[in-house]
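FYI, side chains are in, hydrogens and waters are out, and symmetry mates aren't considered; it's all heavy atoms of this structure.
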Amino acid sequence: YNWSTMKQKYSIIIDCDPGIDDSFALVYGHLSNSFDIKAVFSVAGNVPIEMTTLNSEFILSELNLNVPLYRGAEGPIVGEPIIAKYAHGSNGLGGYQFEPNLKVHANTKNPTDAYYELLKSFDEPVIIAAIGPLTNLAKLFMAYPDVNQYIKAIYVMGGGIVKGNYTASAEFNIAADPLAAQIVINSGVKQYYEPLDTTTAYGFNRDFMMKLKDSKHPTSQLLFKIIDAKEKLDVNPNAVYYLHDLITLIAINHPEWFDFIDVHIAVELHGVHTTGMTIFDLRGERAQKPNAIYVAHPKFSEIQKHVLEVLV
């Protein structure tokens, strides 16, 4: 008997910047059968907004997932966009080329208004998986201060305690729009933060990727092609891949595989070397009042086994 059918699905909006690991998160979100994906918002991040939107259209088309897709913010609230082409290939999907005859097309109406109207239209508050820069959400909180009541929680892939990846101290999603991150963290909405410390605690190896190649799901085979286009798995047999955004979605679905620690997080907005750094106050008794929940210590063997069950 399949008990998973008894579990109520999590109603979520995915706010993303595909991106290789975003693509894994979208495919997992659909195939796991644990989520009711209400909508997807693109945001500029790993690559410019044109590409993150096109890549979202492509992945949703391949999944036959007919949900509203909105083209989100094209850059940070202040300043110029930074991009991570070095990490995600020229087009955000590792340079993997696809035919642009897509079934799903993004809505280009004002994304802030669309977000609010959408959230307000649901029967109950939903979870937002924020796996790109936080610009869309910051604009939402600034424009509609009463929006909190429609959001159950936000799960953020962002930040780093020990180190960053875009710079020594800053993780990319936060560095891409530090002010947005600061606005969201102080919004008062319940939020769960998955920093690099959690998402890079363990990596997925080549053997894992090769299993996707032989999956019964065409979209899992596609994930293999995207990773392979970027990493040339034949010549990199010992490589390890971090799928940050995938881990973030799994924490919603399987909290039992993580520790949840109340924490105060601040975002560095003006550091000489540390702009975009997240400061997790882990001082115990002396720490500031918590404004977030740190999702820590993933149980990787369970996670990897589960991902293979879903994707293969």
Derivation of the side chain to side chain contact (heavy atoms under 4.5 Å, CB included) call for V310 and V307 = CA-CA 5 Å; V310 170; V307 174; 5.8 Å; no
Donor-acceptor contact present, side-chain S215 to main-chain L311, <3.5 Å | yes
To the nearest 0.5 Å, atom CG of L118 lies from atom CG of D113 at 12.0 Å
| query | Counting N and O atoms only, with roles assigned by atom type, does the side chain of Q191 sit under 3.5 Å from a partner on the main chain of V189, one being a donor and the other an acceptor? | reply | yes
**OP:** Taking the side chain as every heavy atom from C-beta outward, state whether I128 and Y155 have any pair of such atoms under 4.5 Å apart.
**Re:** no
Exercise. Should the heavy atoms of other residues, nucleotides or ligands under 6.0 Å from CD of E74 be counted, would the total exceed 12?
Worked result: no
Contacts of D17 meeting side-chain hydrogen bond (donor to acceptor under 3.5 Å, both in side chains) (sequence neighbours excluded), chain-then-number -> N46
Taking everything shown except Q149 itself, do over 12 heavy atoms lie less than 6.0 Å from its CD?
yes
Are L179 and V43 connected, step by step, through hydrophobic side chains (Ile, Leu, Val, Met, Phe, Trp, Tyr) whose heavy atoms are closer than 4.5 Å? no
inquiry  = We want to know whether D15 and Y70 form a side-chain donor-acceptor pair, criterion being a heavy-atom distance below 3.5 angstrom.
reply    = no
Point to revise | Check against side chain to side chain contact (heavy atoms under 4.5 Å, CB included), L69 and E57 | key: CA-CA 8 Å; L69 167 65; E57 291 175 339; 3.5 Å; yes
Any sub-3.5 Å donor-acceptor pair from N55's side-chain atoms to N91's backbone N or O? yes
What one should report as the nearest heavy-atom pair of T167 and A170 is OG1-N, 2.9 Å
For the pair R71 and E50, find out whether any cationic side-chain nitrogen is under 4.0 Å from an anionic carboxylate oxygen. yes
| query | Is the shortest side-chain N to carboxylate O distance from K38 to D36 below 4.0 Å? | reply | yes
Problem set entry | Residues T274 and S169: side-chain donor-acceptor under 3.5 angstrom | no
Value for CG (L243) from CD1 (I227), rounded to nearest 0.5 Å, stands at 6.0 Å
Query raised in the report: Should F208 and L222 be regarded as members of a common hydrophobic cluster, given that ILVMFWY residues are connected when their side-chain heavy atoms come within less than 4.5 Å of each other, either directly or indirectly?
Result: yes
For L31 and S220, the nearest pair of non-hydrogen atoms, with its separation, is CD1-OG, 3.9 Å
Is Y193 close to F280 at the side-chain level, that is, under 4.5 Å between some pair of heavy atoms?
yes
L26 and V156: same hydrophobic cluster, using ILVMFWY side-chain contacts below 4.5 Å? no
Item to check | Side-chain heavy atoms of M142 within contact of I77, under 4.5 Å | outcome: yes
Considering only heavy atoms from C-beta outward, does the side chain of L63 approach that of V27 to under 4.5 Å? yes
| Would you say the side-chain atoms of K190 and Y192 include a donor-acceptor pair closer than 3.5 Å? | yes
**Prompt:** Okay, side chain of Q182, backbone of V267: is any donor-acceptor separation there less than 3.5 Å?
**Reply:** yes
Determine, step by step, whether Y294 and D197 satisfy the side-chain hydrogen bond (donor to acceptor under 3.5 Å, both in side chains) criterion, reporting the C-alpha distance in whole Å, the side-chain angles of both residues, the deciding distance to 0.1 Å, and the verdict. CA-CA 10 Å; Y294 163 32; D197 312 72; 5.3 Å; no
If you count the non-hydrogen atoms of other residues, nucleotides and ligands that lie under 6.0 Å from NZ in K152, is the total more than 12?
no
Give a yes or no on whether N66 atom CG has more than 12 heavy-atom contacts from other residues, nucleotides or ligands under 6.0 Å away.
no
>> Counting C-beta onward and ignoring hydrogens, is there a side-chain heavy-atom pair between I226 and I59 closer than 4.5 Å?
In response: yes
Does any N or O in the side chain of N236 come within less than 3.5 Å of the main-chain N or O of A239, such that one atom is a donor and the other an acceptor?
no
Query - Cluster check I14, I49: I/L/V/M/F/W/Y, side chain < 4.5 angstrom - result: no
- Query: For the residue pair F35 and Y28, does the interplanar ring angle fall in the parallel (under 30°), tilted (30 to 60°) or perpendicular (over 60°) class?
  - Reply: perpendicular
| Do side-chain atoms of D22 reach the backbone of C16 as a donor and acceptor pair under 3.5 angstrom? | no
The reported gap from CG in L140 to CG in L119 (rounded to nearest 0.5 angstrom) is 6.5 Å
Original post:
Within a strict 4.5 Å, meaning less than it, do heavy atoms of the M209 and K213 side chains meet?
Top reply: no
Scanning both residues in full, the closest heavy-atom pair of S61 with V104 reads OG-N, 3.0 Å
- K211 vs L308 side-chain heavy atoms within contact, under 4.5 Å: yes
query: When you measure from the side chain of K232 to the backbone N and O of A229, does any donor-acceptor pair fall under 3.5 Å?
result: yes
T135 meets the side-chain hydrogen bond (donor to acceptor under 3.5 Å, both in side chains) criterion, sequence neighbours left out, with D177
Sorted by chain and number, sequence neighbours left out, side-chain hydrogen bond (donor to acceptor under 3.5 Å, both in side chains) with K9 holds for N33
Distance-only criterion, 3.5 Å: show the donor-acceptor pairs between side-chain atoms of residues 257-264 and protein atoms not counting sequence neighbours.
| unit_1 | atom_1 | unit_2 | atom_2 | d |
| --- | --- | --- | --- | --- |
| D259 | OD2 | H297 | ND1 | 2.8 |

Closest non-hydrogen contact found for M157 with L196 is CE-CD2, 4.0 Å
F58 meets the ring-ring contact (aromatic ring centres under 6.0 Å, His included) criterion, sequence neighbours left out, with F98
Take the angle between the ring planes of F172 and Y166 and call it parallel below 30°, perpendicular above 60°, tilted in between. perpendicular
Contacts of R283 meeting salt bridge (charged side-chain N to carboxylate O under 4.0 Å, His left out) (sequence neighbours excluded), chain-then-number -> D281
is_close_aromatic(F204, Y241), centroid dist under 6.0 Å: no
Note to self: Tell me if a side-chain donor or acceptor on E231 pairs with a main-chain N or O of L233 at a distance below 3.5 Å.
What the structure shows: no
Could you see if V126 belongs to whatever hydrophobic cluster contains L249? Use Ile, Leu, Val, Met, Phe, Trp, Tyr and a side-chain cutoff under 4.5 Å.
no
Ring centres under 6.0 angstrom apart (F24, H244) | no
* Asked: Is there a side chain to side chain contact (heavy atoms under 4.5 Å, CB included) between V240 and R206 once you walk through the steps?
  -> CA-CA 7 Å; V240 169; R206 180 174 175 271; over 6 Å; no
Could you tell me whether E99 atom CD has more than 12 heavy atoms of other residues or ligands within 6.0 Å of it?
no
Heavy-atom nearest pair, A114 first then F41, reads C-CZ, 4.3 Å
Looking only at heavy atoms, the pair that brings T275 and P178 closest together is CG2-CG, 4.1 Å
Notebook entry, point to check: Hey, is the main chain of S42 close enough, under 3.5 Å, to the side chain of T52 for a donor-acceptor pair?
Noted result: no
**OP:** Please lay out, stage by stage, how D146 and Y116 fare under the test side chain to side chain contact (heavy atoms under 4.5 Å, CB included).
**Re:** CA-CA 10 Å; D146 67 320; Y116 183 72; 2.6 Å; yes
Discussion item. Main chain of V295, side chain of T198: is a donor-acceptor contact present, judged purely on distance under 3.5 Å?
Written reply: yes
